[in-house]
Amino acid sequence: ARNRVVDAAAQDPSFLDGWFSGWCAQHVTTLVRKARREEGLLDEELDFVREVGAIRAADAFPLEALLHGLRVGHRVLWKRMVREAELSPSGVEAVVWLTAQSLDYVDAVSMAMGGAYLERQAVLQADADRARRDLLEEVLAGQFAGRPDAAARAAAFGFEPDARQLVIALAAATAAGGAARSGPSPALIAATLERLIRPSCREPFVVVRDDEAVAVLPAKHDPVPTLQ
């Protein structure tokens with residue numbers, strides 16, 4: 001999606017201005033409809049912000065920046081409303097009422113956009129985790145090198161198949177008597193392992209495999225990262 005926007009903007013520099021103006025106009029139109037009804041937004045009225053939230057998640061655009069943009073837009077709209085009111089008694093009353101309507105609107109839109117963003121992000125993360133785990137299984141089974149797309153897949157995950165590898169496998173301790181493992185989940189262990197490795201390895205290759213967190217990184221690092 002981002003590439004399509006960039007290509008269109010390169011062909012027509014006014015594209016982004018036009019798209020952004022349309023996006024802002026859709027917000028204002030939707031807010032006006034809500035205000036006239038003096039009710040909450042209809043679910044289908046939030047579809048356009050959900051779509052943008054999902055697209056921005058796929059683009060890896062920061063959610064914080066996305067929501068900040070909504071707040072900035074609301075601030076600009078509020079300043080315009082105050083200017084139009086001209087501080088007359090009826091104008092001030094209208095601004096107070098519209099401010100309440102617009103705050104409700106921003107709250108609903110932020111929740112819808114953020115929810116769509118996180119939902120899409122979770123799907124993308126699950127797909128990436130599955131692909132990374134499949135790659136590790138192929139390496140362990142000796143099947144990876146024979147694939148025609150081996151180099152491209154390795155590069156996508158920062159995996160260096162020709163380098164000497166340091167393998168780290170961690171799991172929660174087994175409880176006494178062979179009971180179920182206690183302690184942090186494999187996912188939490190993997191997240192912690194990735195955080196600790198990242199300063200020494202730009203693209204940590206960390207996978208949750210059964211009840212273990214497995215990290216594979218080139219052993220060329222000197223010194224080898226110390227996990228504490």
Side-chain angles (χ1 to χ4, degrees), residues 1-6 47 49-67 110-175 179-221 224-228:
R2 179 171 52 192
N3 291 337
R4 290 198 298 272
V5 171
V6 171
D47 286 343
V49 292
R50 291 193 184 101
E51 180 182 6
V52 170
I55 290 173
R56 291 296 178 263
D59 291 341
F61 189 86
L63 177 58
E64 181 180 353
L66 191 60
L67 297 179
S110 297
M111 290 184 63
M113 182 180 290
Y117 182 104
L118 294 175
E119 182 177 340
R120 179 60 174 161
Q121 186 182 60
V123 170
L124 293 170
Q125 184 62 51
D127 289 344
D129 289 344
R130 184 166 48 253
R132 192 180 288 109
R133 188 166 53 250
D134 289 346
L135 189 154
L136 177 62
E137 295 295 344
E138 290 172 8
V139 170
L140 295 176
Q143 301 170 349
F144 176 72
R147 292 183 57 112
D149 60 347
R153 293 178 66 213
F157 292 111
F159 180 67
E160 300 182 33
D162 297 328
R164 290 176 58 248
Q165 304 293 343
L166 171 67
V167 179
I168 304 170
L170 297 176
T174 303
R181 293 182 186 274
S182 60
S185 67
L188 179 58
I189 295 174
T192 304
L193 188 58
E194 181 173 344
R195 177 176 57 83
L196 293 171
I197 290 174
R198 188 170 293 279
S200 299
C201 184
R202 188 172 60 87
E203 293 288 343
F205 187 89
V206 182
V207 176
V208 173
R209 185 172 183 259
D210 298 327
D211 58 354
E212 296 179 331
V214 180
V216 182
L217 61 155
K220 64 185 180 182
H221 296 285
V224 171
T226 300
L227 305 183
Q228 299 178 347

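All heavy atoms count here, side chains included; hydrogens, waters and symmetry mates do not.
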Novice: Got a sec, which residues hit side-chain contact (heavy atoms from CB on, under 4.5 Å) with Ala65, two or more places apart in sequence or on another chain?
Specialist: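 Here the qualifying residues are Phe61, Pro62.
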Novice: Do you know the tightest heavy-atom contact between Ala190 and Val208?
Specialist: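 Looks like CB-CG2, 3.7 Å.
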Novice: Does any part of the side chain of Glu137, heavy atoms only, come nearer than 4.5 Å to the side chain of Phe144, both counted from C-beta?
Specialist: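 No, every pair of side-chain atoms sits at 4.5 Å or beyond.
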Novice: Quick check: do Val216 and Leu136 have side-chain heavy atoms less than 4.5 Å from each other?
Specialist: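 Yes. Closest side-chain heavy atoms under 4.5 Å.
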Novice: Looking at every heavy atom in both Met113 and Val52, which two are closest together, and how far apart are they?
Specialist: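 Answer, listing the atom of Met113 first, then Val52: CE-CG1, 4.4 Å.
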Novice: Where do Pro186 and Ala213 come nearest, in terms of heavy atoms and distance?
Specialist: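 So the two residues come closest at O-CB, 3.9 Å.
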Novice: What's the separation between atom CG in Leu67 and atom CE in Met111, rounded to the nearest 0.5 Å?
Specialist: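 Reported to 0.5 Å precision, the distance equals 11.5 Å.
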Novice: Taking all atoms of both residues into account, what is the closest heavy-atom pair of Val206 and Ala215, and its distance?
Specialist: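 Minimum heavy-atom contact is CG2-CB, 4.0 Å.
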Novice: Under a 4.5 Å cut-off applied to non-hydrogen side-chain atoms, are Arg209 and Leu140 in contact?
Specialist: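 SC-SC contact between Arg209 and Leu140 confirmed.
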Novice: Which pairs with one or both residues in residues 114-124 pass side-chain hydrogen bond (donor to acceptor under 3.5 Å, both in side chains), sequence neighbours excluded?
Specialist: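 Sorted pair list comes back empty.
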Novice: Going by salt bridge (charged side-chain N to carboxylate O under 4.0 Å, His left out), name the residues that satisfy it together with Asp47, two or more places apart in sequence or in a different chain.
Specialist: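 Asp47 satisfies salt bridge (charged side-chain N to carboxylate O under 4.0 Å, His left out) with Arg50 once adjacent residues are dropped.
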Novice: Tell me every residue that passes side-chain hydrogen bond (donor to acceptor under 3.5 Å, both in side chains) with Arg130, counting only those two or more places apart in sequence or in another chain.
Specialist: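 Partners of Arg130 under the side-chain hydrogen bond (donor to acceptor under 3.5 Å, both in side chains) test: Asp127.
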Novice: Identify the two heavy atoms, one from Gly114 and one from Leu63, that lie closest to each other, and give their separation to 0.1 Å.
Specialist: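 Taking every non-hydrogen atom into account, CA-CD1, 4.0 Å.
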Novice: Taking all non-hydrogen atoms of both residues, which atom of Pro204 and which atom of Ile197 are closest, and how far apart?
Specialist: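 Minimum heavy-atom contact is CB-CG2, 4.1 Å.
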Novice: Once rounded to the nearest 0.5 Å, what's the spacing between atom CG of Leu217 and atom CG of Leu166?
Specialist: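 Going from the CG atom of Leu217 to the CG atom of Leu166 covers 4.5 Å.
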Novice: Do Val214 and Ile168 have side chains that approach each other closer than 4.5 Å (heavy atoms only, starting at C-beta)?
Specialist: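 Heavy-atom side-chain distance check fails, nothing below 4.5 Å.
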Novice: My understanding is that only residues two or more places apart in sequence, or in another chain, count here; which of them pass side-chain hydrogen bond (donor to acceptor under 3.5 Å, both in side chains) with Glu194?
Specialist: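 Arg198.
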Novice: What pairs with Asp149 under side-chain hydrogen bond (donor to acceptor under 3.5 Å, both in side chains), at least two apart in sequence or on another chain?
Specialist: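 Applying side-chain hydrogen bond (donor to acceptor under 3.5 Å, both in side chains) to Asp149 gives Arg147.
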